[in-house]
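The structure under discussion appears below in the form of structure tokens.
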Amino acid sequence: MLRGIKKDWKKIILRETKKSYFKELIDFLDERYKTEEVFPPKKEILSAFKLCDFNDIKVVIIGQDPYHGPGQAHGLSFSVKPGNKVPPSLKNIYKELLADLNIKPVEHGHLEKWAKQGVLLLNSVFTVEKGKPASHRKKGWEEFSSEIIKELNENHQSLVFILWGNDAKKKGESIDRKKHLVLESAHPSPFSVKNFQGNKHFSKTNSYLKKNNIKAIDWNLN
């Protein structure tokens, strides 16, 4: 699971693996991967930490749990592997990109390009069982993702935290808003999209980064 993780992330994650909650989580996952179809594949659970190291993070987008359909989830929140249809929530994200920055939607849902620029696509829960959304909640992942956010909050300056939906907003309660920019709105799910549209989070993110002499994100996925 730790193979390929960037150096500074590995230090943080190794520290967590020694805690009792994480050991219990691993025991749970070992059993579930043997008896159920679990997403993403084991080797992709921590993909978000393989594409950009801790010190290079600029933006954190917090999701809920992975997509629960076969072949979709690959360790980045809101992203799907190439060859999959763009999920409804991501379609709504693309619509906001168009409205905000006039970036036309692409035909794929693979967000690796964002991740490589320093956008941490972080789920609150990192695994899920086929067809069972939220099936791995309260097993330890929430504590792990909270520790990641804590590390970023304490050891970075001028990050942008993008919180979509109530779960993400709860995760953001401990973030120091004097040090970082926190952007909040409804989740881009079709159920709440009316309160997501028009949030202009992409342009606000880049304005804040530029203001702090940090290179802006190229949100175009072409």
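For E112 and K81, the salt-bridge test fails: no basic side-chain N is under 4.0 Å from an acidic carboxylate O. The pair R137-D167 meets the salt-bridge criterion, since a charged nitrogen lies less than 4.0 angstrom from a carboxylate oxygen. Note on K169 versus E173: no salt bridge recorded, every NZ/NE/NH1/NH2 to OD/OE distance being 4.0 Å or above. One finds no salt bridge joining E31 and K139 here, because no Lys/Arg side-chain nitrogen approaches an Asp/Glu carboxylate oxygen to under 4.0 Å.
Here the CG-CD1 distance, from L120 to I148, works out to 8.0 Å after rounding to the nearest 0.5 Å. Between the CD1 atom of I149 and the OG atom of S174 there is a distance of 6.5 Å, given to the nearest 0.5 Å. Interatomic distance, L51 CG to L76 CG, rounded to the nearest 0.5 Å: 6.0 Å. How far CG of D65 is from CD of E129: 11.0 Å, rounded to the nearest 0.5 Å. Taken from NZ in K116 to CD1 in I217, the straight-line distance is 14.0 Å, to the nearest 0.5 Å. For the atom pair CG of D56 and NZ of K6, the computed distance is 8.5 Å after rounding to the nearest 0.5 Å.
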- When you look at L2 and L46, which way does the side-chain contact (heavy atoms from CB on, under 4.5 Å) test go after all the steps? CA-CA 7 Å; L2 294 176; L46 299 178; 4.0 Å; yes
- Message: Pair L159, L181 - check side-chain contact (heavy atoms from CB on, under 4.5 Å), show working.
- Response: CA-CA 6 Å; L159 289 178; L181 175 64; over 6 Å; no
- Check the pair K7 / D53 against side-chain contact (heavy atoms from CB on, under 4.5 Å), numbers first and verdict last. CA-CA 7 Å; K7 183 179 69 173; D53 210 352; 4.2 Å; yes
- Task: Check the pair F161 / I61 against side-chain contact (heavy atoms from CB on, under 4.5 Å), numbers first and verdict last.
- Result: CA-CA 6 Å; F161 288 88; I61 298 179; over 6 Å; no
- Stepwise, does the ring pair (Phe, Tyr, Trp, His ring centres under 6.0 Å) test hold for H201 with Y208? CA-CA 10 Å; H201 283 180; Y208 179 82; over 10 Å; no
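Side-chain contact between N155 and L152 is absent, with no heavy-atom pair separated by less than 4.5 Å. With a 4.5 Å cut-off on side-chain heavy atoms, V125 and S145 do not count as touching. Using a 4.5 Å cut-off on side-chain heavy atoms (C-beta onward), S158 and K179 make no contact. Residues H110 and P82 have side chains in contact (heavy-atom distance under 4.5 Å, counting atoms from C-beta outward). Within the 4.5 Å cutoff, no side-chain heavy atoms of V128 are placed close to those of V38. Between H180 and H156 the shortest side-chain heavy-atom distance falls below 4.5 Å. With contacts defined as side-chain heavy-atom distances shorter than 4.5 Å, the pair V160/L209 qualifies. Within the 4.5 Å cutoff, the side chain of N195 has no heavy atoms near those of the S185 side chain.
Within a 6.0 Å radius of CZ in R177, more than 12 heavy atoms belonging to other residues, nucleotides or ligands are found. Heavy-atom contacts from other residues, nucleotides or ligands closer than 6.0 Å to NZ of K210 number 12 or fewer. By the 6.0 Å contact criterion, NZ on K215 is open, its count of non-hydrogen atoms from other residues, nucleotides or ligands being 12 or less. The number of heavy atoms from other shown groups lying within 6.0 Å of OH (Y33) is above 12. Residue K150 places its NZ atom among 12 or fewer non-hydrogen atoms of other residues, nucleotides or ligands, all under 6.0 Å distant.
Among all heavy-atom pairs drawn from G75 and S47, the shortest one is CA-CB, 4.1 Å. Of all heavy-atom pairs between A73 and E44, the closest is O-OE1, 3.9 Å. Nearest approach of K58 to I214, heavy atoms of both residues: CD-CG2, 3.8 Å. Between K113 and Q117, the closest heavy-atom pair is O-NE2, 3.2 Å.
Listed by first then second residue, pairs satisfying side chain to side chain donor-acceptor pair (under 3.5 Å) with a partner in residues 84-101 read D100-S203, not counting sequence neighbours.
In this structure, the side chain of H108 engages the main chain of L221 through a donor-acceptor pair within 3.5 Å. Although no hydrogens or angles enter the test, the distance criterion places no donor-acceptor pair under 3.5 Å between the side chain of E36 and the main chain of R32. Panel note: side chain H187, backbone L163; no donor-acceptor pair is recorded below 3.5 Å. When atom types are taken as modelled, the side chain of S207 and the backbone of K204 share no donor-acceptor pair closer than 3.5 angstrom. In this structure, S77 contributes its side chain and L122 its backbone to a donor-acceptor pair below 3.5 Å. Remark: side-chain polar atoms of W114 are paired, donor with acceptor, to backbone N or O of W219 under 3.5 angstrom. Remark: side-chain polar atoms of E154 are not paired, donor with acceptor, to backbone N or O of E151 under 3.5 angstrom.
Between Y67 and F39, the gap from one ring centroid to the other reaches at least 6.0 Å.
F196 and F191 fall into different hydrophobic clusters, defined by Ile, Leu, Val, Met, Phe, Trp and Tyr side-chain heavy atoms under 4.5 Å apart, directly or through other members. Using a 4.5 Å cut-off between side-chain heavy atoms of Ile, Leu, Val, Met, Phe, Trp and Tyr, with links allowed through other members, L183 and V60 fall into different hydrophobic clusters. In the hydrophobic cluster analysis, where Ile, Leu, Val, Met, Phe, Trp and Tyr join through side-chain heavy atoms closer than 4.5 angstrom, L14 is grouped together with I12. Linking ILVMFWY residues whenever their side-chain heavy atoms come closer than 4.5 Å, directly or via other members, leaves L98 and I103 in distinct clusters. The same ILVMFWY cluster, assembled from side-chain heavy atoms under 4.5 Å apart, contains both I13 and I62.
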For residues 21-28, run the donor-acceptor check on the side chains, cut-off 3.5 Å, and write out each pair with its distance to 0.1 Å, sequence neighbours left out.
from	atom 1	to	atom 2	distance (Å)
Y21	OH	E16	OE1	2.7

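Counting only N and O atoms by type, the side chains of S79 and H74 include a donor and acceptor under 3.5 Å apart. Under 3.5 Å, the side chains of N55 and D8 contain a donor-acceptor pair of N or O atoms. N220 and D218 are not linked by any side-chain donor-acceptor pair at a separation below 3.5 angstrom, with hydrogens and angles left out of the test. At a cut-off of 3.5 Å, with distance as the only test, a side-chain donor of H136 or T127 sits close to an acceptor on the other residue.
Residues satisfying the side-chain hydrogen bond (donor to acceptor under 3.5 Å, both in side chains) test with S146, not counting sequence neighbours, are K171.
Ring planes of F126 and F144: perpendicular class, angle over 60° (limits at 30 and 60°). Using the six-membered ring where Trp is involved, W164 and F202 have ring planes that are perpendicular, over 60° apart on the 30 and 60° scheme.
By the 6.0 Å and 45° rule, K10 does not stack over the aromatic ring of F49.
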